[in-house]
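So that the names make sense, note that chain A is the first sequence line, chain B the second, and so on, each numbered from 1.
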There are 2 protein chains.
Amino acid sequence: MAQQVEAARRVPLNRDRVLRAAVALADDTGIESLSMRRLAQELGVVPMALYKHVANKEQLLDGMVDVVVGEIDPPAGGSDWKSVVRQRILSARRVLLRHRWASQVIESRTSPTPAVLEYLDSMIGMFRAGGLSLDLTHHVMHAMGSRLLGFSQELFDDSQSNASRSVDAEAQAVARRQMAGKYPHIAELAMTAAHDEESTVGRSCDDQFEFEFALDLLLDGFERLRQQGWTSANRPTKRPA
Amino acid sequence: MAQQVEAARRVPLNRDRVLRAAVALADDTGIESLSMRRLAQELGVVPMALYKHVANKEQLLDGMVDVVVGEIDPPAGGSDWKSVVRQRILSARRVLLRHRWASQVIESRTSPTPAVLEYLDSMIGMFRAGGLSLDLTHHVMHAMGSRLLGFSQELFDDSQSNASRSVDAEAQAVARRQMAGKYPHIAELAMTAAHDEESTVGRSCDDQFEFEFALDLLLDGFERLRQQGWTSANRPTKRPA
DNA sequence: ACCTGAACACCGTTCAAGT
DNA sequence: ACCTGAACACCGTTCAAGT
């Protein structure tokens with residue numbers, strides 16, 4: 001332990017070491033006690049040294065989110081779309097259970113990090129590959145965003161609007177093209193929403209409708225189970241406590 | 001405006017005025033800029049004056065949550081259970097949209113406030129009155145907790161475990177009886193979980209199973225829509241932008 | 001040119017000194 | 001007995017002074 005600290009002090013600080021130390025500290029002591037000063041102390045450096053690798057605390061938190069999201073397993077190919085999506089989401093859940101501060105931090109970000117966008121993009125791709133229409137995939141992503149994906153509803157909307165706020169039109173177009181290159185499925189979805197026959201400029205999508213879509217889907221499911229006299233007796237084998 | 005501030009200064013401070021001012025300040029300037037010092041300034045008092053009405057900032061946040069949850073409409077009787085639940089949840093959503101900081105604060109509480117417990121209790125009561133079995137209601141509440149209820153999955157579990165941590169057995173029993181009096185439906189549910197044939201002491205419930213229940217319910221719903229060639233063309237009338 | 005100690009403007013909360 | 005100014009132990013971040 002003391003040896004590790006010694007060794008760590010000798011290795012020159014870099015962004016990756018800063019982020020991993022921050023994740024470890026948050027895992028161990030909780031996100032509320034993660035401070036720039038405490039983190040610096042843990043790394044055996046003066047607080048100011050951190051500011052060479054992250055612009056500020058917000059960027060540190062962004063970086064920590066990317067580390068965590070990077071731990072989610074890549075999609076496993078082969079089976080039907082439901083199994084593939086299911087496996088991926090269960091992997092994400094395991095990751096978020098390992099880093100219990102992560103959901104809260106992800107939801108607190110004002111705009112999603114690249115790693116989060118990549119995760120969402122590949123998730124959309126899995127639905128599309130499974131044969132779901134663009135239209136259905138759009139609403140499905142919103143419904144999943146509730147909490148099963150690990151973060152909140154509004155995140156998905158913001159990936160568009162926040163990035164393009166207070167920037168001139170030309171820069172926006174460039175950003176959009178860059179985005180389409182990196183995240184084709186997100187771009188495809190955004191495009192459809194924009195070309196919607198009833199849409200006015202920048203309408204994007206109807207939050208209220210998305211919310212009710214998820215709600216009604218669940219409620220109808222509950223009612224169906226109710227009518228069938230559903231019971232949890234057919235629960236999978238439980239490991240003993 | 002200046003008159004209001006003058007008048008407010010004359011009225012003696014009480015807990016209710018402190019909480020309402022805190023809610024208004026969070027609504028206006030965001031939760032991150034709500035500080036004890038700033039709130040005191042807004043009320044025209046010295047920071048220390050607040051500590052006569054709330055023990056600390058955590059208790060202030062608890063009180064703010066109760067104010068917000070108190071704004072949710074009471075259940076409207078009469079119709080089928082789905083309409084009743086639907087209306088209530090849509091009311092809760094409207095409230096949380098008015099106070100955009102609230103979800104985050106509710107999820108950050110270490111144990112649920114009385115108002116939140118009351119809200120959950122009456123929600124359970126609505127499902128039970130609709131004819132859902134205790135068993136089904138249990139899983140339904142977990143599935144709803146995802147995000148549609150406005151706060152996270154784990155909250156519901158903690159209402160039991162957190163309250164009874166590091167307290168002797170006798171005090172626990174008293175607390176349980178008090179709880180059963182105030183929140184009969186929660187108590188009923190907790191009881192069933194405890195008497196589950198396979199349960200060991202304090203097993204409460206299988207988080208993993210609850211998560212997958214919600215997940216599979218949604219996924220099966222998506223697949224059904226997919227097979228039906230679902231489209232959002234039958235969307236309700238949209239108000240123009 | 002690079003690094004960093006001291007300082008700034010905050011924060012929640014305590015406590016002793018004042019009335 | 002009550003109230004509160006000053007103080008404490010923090011925080012993120014700036015910046016000028018040092019090498």
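- With sequence neighbours excluded, the residues that form a salt bridge (charged side-chain N to carboxylate O under 4.0 Å, His left out) with R98(B) are E71(B).
- In this structure, R94(B) has no side-chain hydrogen bond (donor to acceptor under 3.5 Å, both in side chains) partners at least two apart in sequence or on a different chain.
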Worksheet, complete the sentence: Writing each nucleotide of DNA chain D 5' to 3' as (, ), [, ], | or . by Watson-Crick or G-U pairing under 3.5 Å yields ||.|||||...|||||.||

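- Remark: R38(A) engages no residue in a side-chain hydrogen bond (donor to acceptor under 3.5 Å, both in side chains) (not counting sequence neighbours).
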Discussion item. Please encode protein proximity along nucleotides 8-19 of chain C as a string of B, S and -, counting only heavy-atom distances under 4.0 Å.
Written reply: ---BBBBB----

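- Evaluation of the side-chain hydrogen bond (donor to acceptor under 3.5 Å, both in side chains) rule for R20(B) yields D16(B) as partners, not counting sequence neighbours.
- Taking S108(B) as the reference, nothing meets the side-chain hydrogen bond (donor to acceptor under 3.5 Å, both in side chains) condition, with sequence neighbours excluded.
- For A49(A), the side chain to side chain contact (heavy atoms under 4.5 Å, CB included) criterion is met by L13(A), V45(A), V46(A), not counting sequence neighbours.
- dG18(C) and dC8(D) have their P atoms separated by 16 Å, given to the nearest Å.
- The CG atom of D66(A) sits 14.0 Å away from the OH atom of Y119(A) when rounded to the nearest 0.5 Å.
- Applying the side chain to side chain contact (heavy atoms under 4.5 Å, CB included) rule to A24(B) yields no partners; only residues at least two apart in sequence or on another chain are considered.
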